[in-house]
Structure formats: structure tokens, C-alpha cells
Chemist: 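Take this structure first; my questions come after.
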Amino acid sequence: MTSETSTEVVVEGRAPTPPGGAPAAAPSAGALLVVLVGTFITVLDFFIANVAVPAIKADLGASAAQAQMFVVGYGVAFTAGLITGGRLGDLFGRRRMFTLGMVLFMLASAACSLAPTATVLVVARIAQGAAAALMVPQVLGIIGTVYTGAARDRAFNAYGLVIGIAGVFGQFIGGALITVDIAGLSWRTIFLINVPLCLVSLAFVGRTIPESRGEGGTRLDLVGALLVTASLGIIVFALLEGQESGWPLWVWEALAGAAVLLAVTVWHLRRRAAADRGPLIEPALFKGRVFSVGLAATVVYFLAMGSFFFVLALYLQLGRGLSPLESGSVFLALGAGYFGASVVSSRKAASVTARRVAVGPLTLAIGYAAVALTADRLDTTGHVLWLLPALLVAGLGMGLTTGPLTNLVLGAAVPEHAASASGLLNTAQEGGAAVGVAIAGAVFFPTLADAGGSAGAYPHAFAVTLVPLIALGLLASALVLAAPGRTARR
């Protein structure tokens with residue numbers, strides 16, 4: 001990794017870490033497995049709730065606003081807290097914060113599964129998102145500081161693979177759990193399944209993961225944490241609620257207020273950095289062209305990726321009349337492409353270049369174009385199986401992008417800011433996915449209404465919505481090309 005500065009990372013219980021962030025002895029593969037379980041369940045819970053909303057609404061008698069908050073509440077709390085979660089790992093220890101986050105996530109998941117009312121479920125989902133925001137940034141921080149060389153590159157690609165599997169298979173897993181209806185629990189099993197997964201992982205955290213933290217300030221930037229959390233929370237909530245409620249005036253007022261808060265946040269962070277007082281986000285991170293451009297490419301890529309899952313599920317279930325399980329089964333084509341491309345990416349991790357990474361979002365755009373043309377041609381009579389080849393190509397594009405792009409961004413961050421950098425990256429990923437849903441909805445629903453709103457209008461609305469997503473894929477590819485250099489370190 002190329003950097004202007006090089007400082008030591010503290011790894012407790014091990015020999016000091018040499019410049020570059022690699023510990024004296026590499027941890028076992030168990031460390032990677034444990035942290036990836038945390039990644040899997042948090043990303044899965046972002047997507048799996050979509051397919052369960054009808055069952056939850058019917059069982060708890062939830063209003064339309066409460067039903068939306070089952071998804072939005074988790075996403076807003078998750079996105080808004082990621083940067084603060086990353087900084088807490090820098091200051092107080094990544095293993096410690098990962099463990100605390102997983103314990104809280106387990107408890108919140110249990111509360112979700114036992115929720116007697118819709119209001120209790122909304123509160124528990126917000127708590128779940130906040131716990132995920134504490135846990136997830138530590139994953140990339142741990143990988144970035146305790147793995148080195150080819151092992152580190154393979155670990156980043158494994159991280160990307162897990163994100164894709166959780167996102168792509170979330171619909172299928174949710175549909176399967178609800179259809180099987182274990183012990184008559186219906187939708188409650190999608191949250192209850194997190195409890196044993198967390199318990200098993202917690203049993204191995206202390207044995208496999210060494211403690212590490214970033215050198216620097218010893219105090220949390222509370223003002224910065226409040227400003228960043230409020231700014232991101234307002235932006236994500238306003239965009240998601242705006243497309244649902246027809247973009248009323250209060251949405252634009254909220255976005256304008258968030259813009260002012262962001263300007264104040266930047267001023268505060270620069271002022272604190274100039275005084276050497278440990279800002280929540282280190283402005284020096286953005287001086288590197290690779291990190292800045294790579295982060296922008298990540299936002300654009302996840303705008304296109306997360307929103308595609310949303311509109312594809314609407315098209316399959318409401319437009320083509322498929323059940324949640326049948327709809328989830330169609331997603332398996334995406335998963336097959338994603339898994340295959342991720343395996344190839346992991347094998348080439350040590351030599352991959354920015355130019356090679358740019359092939360991923362370009363392939364994604366080609367896949368989306370093929371899906372749009374096929375869906376429009378099939379209308380409501382052609383069999384949905386004709387979509388599978390195009391979905392396979394789109395999945396290949398996702399698999400060629402997620403892991404290598406993660407490597408590109410974090411490979412440009414200095415080790416002492418590893419968790420903060422991962423917090424920014426996770427915010428770009430989750431925030432991009434959430435805002436992407438709002439963008440897709442702003443195109444999909446008006447197009448659907450203009451065409452009459454019947455089932456026959458869904459194929460055309462779906463195809464039209466993919467046009468801006470294709471453009472986003474092309475833009476992400478162009479941005480990656482603007483970030484020169486290798487994604488991996490020798």
C-alpha cells in the first residue's frame with residue numbers, strides 16, 4: 001500500500017505490527033469466518049425483511065407507515081451509525097466493539113422475533129440497525145490490520161462474496177423460511193435464526209481474533225458523531241420517505257437542512273484535525289485520489305446494485321404473480337453468476353488492476369440492458385425462465401466488482417485509520433443501496449401509474465427503471481478507471 005505516512009497499529013496479545021499493518025503472525029482462517037458471519041447476518045437482515053412485510057403486516061395489523069418502517073428504520077439506523085461505529089473500533093478496540101455489536105444485534109433480533117405489536121417491532125428493528133452499525137465497520141478494520149499480502153486480498157474478496165450472497169439470496173432465504181413456517185412461527189423465524197448464529201460466533205471471537213486499534217486520539221469526537229449521524233440519517237430517511245409520499249415540501253426542506261449540517265460537519269472535522277484532536281473522520285483520507293475516487297465509485301455502484309433487487313422483486317411478485325419462494329428462486333441465477341465471478345476474482349486478487357475492476361460494473365450494465373430488453377419482450381405471457389441468462393450476466397458483474405472494489409478503496413487507506421475508512425466504505429455501500437431504492441422507486445411507480453397500474457404495466461415499468469441503473473453502472477466503471485494503480489499490495 002502506498003502512503004505518505006506509516007504508523008504502527010496496536011495489536012494486543014501479539015508482537016507489534018510493522019508498518020503496513022501486517023501482524024507478526026497471521027491469524028487462523030477462523031478469524032475471517034467469524035467476522036464474515038457478522039457481515040452476512042447484518043446484510044441479510046437488510047434485504048430479507050422485504051419479502052416478509054406482507055406477512056408481518058397481516059399478523060400484527062400494521063399500518064402502511066409502520067410496514068415501511070420495518071425496512072426503513074433498520075436501513076437508516078445502520079447507515080447513519082457506520083462511521084461512528086468505525087471510529088469506536090479505532091479508539092476502543094475492534095474485537096471489543098465487534099463483540100458488543102454482535103451481542104446487541106442478537107438481543108435486538110430476539111426482540112424482533114418476539115414483538116407483540118408493530119410498534120415494538122419498529123423499535124427493535126431500529127435497535128438492530130444501530131447494533132449492526134457498531135459491528136460491521138470492525139470487519140474490514142480487522143481484515144485490513146491482521147491479514148497481509150495475498151491472504152488479505154483473498155479475505156477482502158471473501159467479504160465481497162458474502163455481501164453478494166446475503167443480498168442476492170436474501171429474497172430466497174426469506175421466502176423459504178416463511179413458506180416452511182417452522183413451528184408455526186411464520187415471519188418470526190427470519191429474525192430468530194440470527195440468535196444461534198450469533199451465539200456460535202461469539203464462542204469463537206476471543207479464540208480467533210486478536211484485539212487491535214488505531215493509534216491516535218483517545219477520545220471520541222462526540223460533536224462529529226452527532227453531526228454525521230444526524231446528516232446521514234436525515235438524508236436517507238427523507239429520500240426513502242419522499243418517494244413513498246410523493247415528494248412533499250417537508251422532504252425538500254429536510255434535504256436542505258441536511259446539506260447545511262454536512263457543511264457544518266466538514267468545517268468541524270477540518271477544525272478538529274488542524275488542532276490534532278482526533279476527528280471522527282480524518283480529512284487526510286480524502287487526499288489520496290484512489291481512496292476518494294474509489295469511494296465515489298462504490299456509492300454509484302451500490303446505487304445500481306441495491307435498487308435492482310428492489311425492482312426485480314416487485315416485477316416478479318406483483319407483475320408476474322410469483323410467490324415469495326418462486327421469486328427468490330429466480331434470484332438464484334444472480335447468485336450463481338455472483339459466486340462464480342467472486343471465485344475468479346479471489347484467485348486474481350494479487351494482480352488485479354483498476355482497469356480490470358472497471359470490467360465489473362461494465363458487465364453489470366450489459367446484464368441490466370439484457371434484462372430490460374428481455375422483460376419488455378416477454379411482457380406478461382413469456383416464461384420468466386428466459387430472464388435467467390441475462391440475470392447470470394448481471395450477477396457476474398456484481399461478483400467482479402464488490403470484492404475487488406473493496407480492496408481498491410481500503411488498500412489506499414493508512415492502517416491507523418482502518419476502521420474509520422471501513423466505516424466510510426460501509427456507509428457508501430449501505431447508503432448507496434438505500435438511496436438507490438428511492439431513485440428506482442421515483443422512476444418505477446410514476447411509470448407504472450402512467451401505464452394504468454395493472455399487472456400488464458409492470459414489465460414496461462421495470463424495463464424503464466433499469467435505464468438509469470444501466471447509466472449508473474457505466475458511470476461506476478468510468479470512475480474506477482479514474483483511480484489509477486493496483487488494487488492489491490505485493
Side-chain angles (χ1 to χ4, degrees), residues 9-17 21-46 78 81-82 84-112 127-148 151-152 154-163 165-166 191-214 220 406 410 415-416 418-423 425-426:
V9 175
V10 179
V11 182
E12 296 178 7
R14 309 179 66 90
T17 303
S28 68
L32 180 62
L33 182 60
V34 169
V35 296
L36 290 185
V37 169
T39 301
F40 179 80
I41 58 178
T42 52
V43 176
L44 179 69
D45 272 44
F46 187 86
F78 192 3
L82 282 165
T84 301
R87 184 60 177 151
L88 288 170
D90 274 340
L91 293 175
F92 303 114
R94 295 169 186 129
R95 185 181 67 186
R96 183 176 291 115
M97 292 300 105
F98 177 84
T99 303
L100 177 60
M102 181 167 279
V103 169
L104 294 176
F105 189 85
M106 178 180 67
L107 295 175
S109 296
C112 288
Q128 220 188 4
L134 182 60
M135 176 170 49
V136 169
Q138 317 316 326
V139 173
L140 290 176
I142 289 168
I143 291 174
T145 56
V146 302
Y147 285 95
T148 185
R152 178 181 182 275
R154 288 192 296 269
F156 279 146
N157 278 282
Y159 166 82
L161 175 62
V162 166
I163 286 180
I165 289 175
F191 302 115
L192 194 59
I193 195 174
N194 293 330
V195 175
L197 289 174
C198 288
L199 285 173
V200 172
S201 298
L202 288 168
F204 289 93
V205 168
R207 306 177 192 178
T208 59
I209 302 174
E211 183 61 284
S212 64
R213 56 170 59 86
L220 176 65
T406 298
L410 291 187
E416 65 268 25
S420 294
S422 68
L425 179 63
N426 288 130

Chemist: Can you tell which of I209, I143, I142, V35 makes a side-chain contact (heavy atoms from CB on, under 4.5 Å) with R94?
Modeler: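 Result for side-chain contact (heavy atoms from CB on, under 4.5 Å) with R94: I142.
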
Chemist: Any idea which heavy atoms bring G38 and T42 closest together, and the distance?
Modeler: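 Distance-wise, the nearest heavy atoms are O-OG1, 2.9 Å.
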
Chemist: Only one of V139, V37, L36 forms a side-chain contact (heavy atoms from CB on, under 4.5 Å) with V162, so which one is it?
Modeler: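 With V162 as partner, side-chain contact (heavy atoms from CB on, under 4.5 Å) holds for just one option, L36.
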
Chemist: CG of L202 to CZ of F105: how many Å apart, nearest 0.5 Å?
Modeler: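 Between L202 CG and F105 CZ, I get 12.0 Å after rounding to 0.5 Å.
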
Chemist: Any idea which heavy atoms bring A132 and P137 closest together, and the distance?
Modeler: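 For A132 versus P137, the nearest heavy atoms are O-CD, 4.1 Å.
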
Chemist: Kindly give the heavy-atom pair with the smallest separation between C112 and F191, and that separation in Å.
Modeler: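 Looking at all heavy atoms of both residues, the shortest contact is CB-CG, 3.6 Å.
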
Chemist: Is I193 atom CD1 crowded by more than 12 heavy atoms from other residues, nucleotides or ligands, each under 6.0 Å away?
Modeler: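 Atom CD1 in I193 is not packed in, count stays at 12 or less.
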
Chemist: For the residue pair Q128 and N194, what are the closest heavy atoms and their distance?
Modeler: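 So the minimum-distance heavy-atom pair works out to NE2-ND2, 3.6 Å.
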
Chemist: Would you confirm whether E211, through its side chain, and R95, through its main-chain N or O, come within 3.5 Å as a donor-acceptor pair?
Modeler: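 Yes; judged by distance alone, with no hydrogens or angles, the pair exists.
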
Chemist: Taking the six-membered ring of F204 (Phe, Tyr or Trp), confirm whether the NZ or CZ of R207 is under 6.0 Å from its centre and within 45° of its axis.
Modeler: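 That pair qualifies as a cation-pi contact.
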
Chemist: Distance from T39 atom OG1 to L44 atom CG, nearest 0.5 Å?
Modeler: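 It comes to 12.0 Å.
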
Chemist: Between Q138 and G85 (side chain of the first, backbone of the second, donor and acceptor by atom type, cut-off under 3.5 Å), is there such a pair?
Modeler: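 Between the backbone of G85 and the side chain of Q138 there is a qualifying donor-acceptor contact (under 3.5 Å).
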
Chemist: Quick one, L32 and Y159 - any side-chain contact, counting heavy atoms below 4.5 Å?
Modeler: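 Side chain of L32 against side chain of Y159, heavy atoms only: no contact under 4.5 Å found.
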
Chemist: OG of S201 to CE of M135: how many Å apart, nearest 0.5 Å?
Modeler: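 Rounded to the nearest 0.5 Å, the OG-CE separation comes out at 9.0 Å.
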
Chemist: Is there side-chain contact between F78 and D45, with at least one heavy-atom pair below 4.5 Å?
Modeler: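 SC-SC contact between F78 and D45 ruled out.
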
Chemist: Using side-chain contact (heavy atoms from CB on, under 4.5 Å) as the criterion, list what pairs up with L104, not counting sequence neighbours.
Modeler: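 L104 satisfies side-chain contact (heavy atoms from CB on, under 4.5 Å) with L100, A131, L134 only.
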
Chemist: Drop me the distance from M102's CE to I41's CD1, to the nearest 0.5 angstrom.
Modeler: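 Here the interatomic distance stands at 4.5 Å.
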
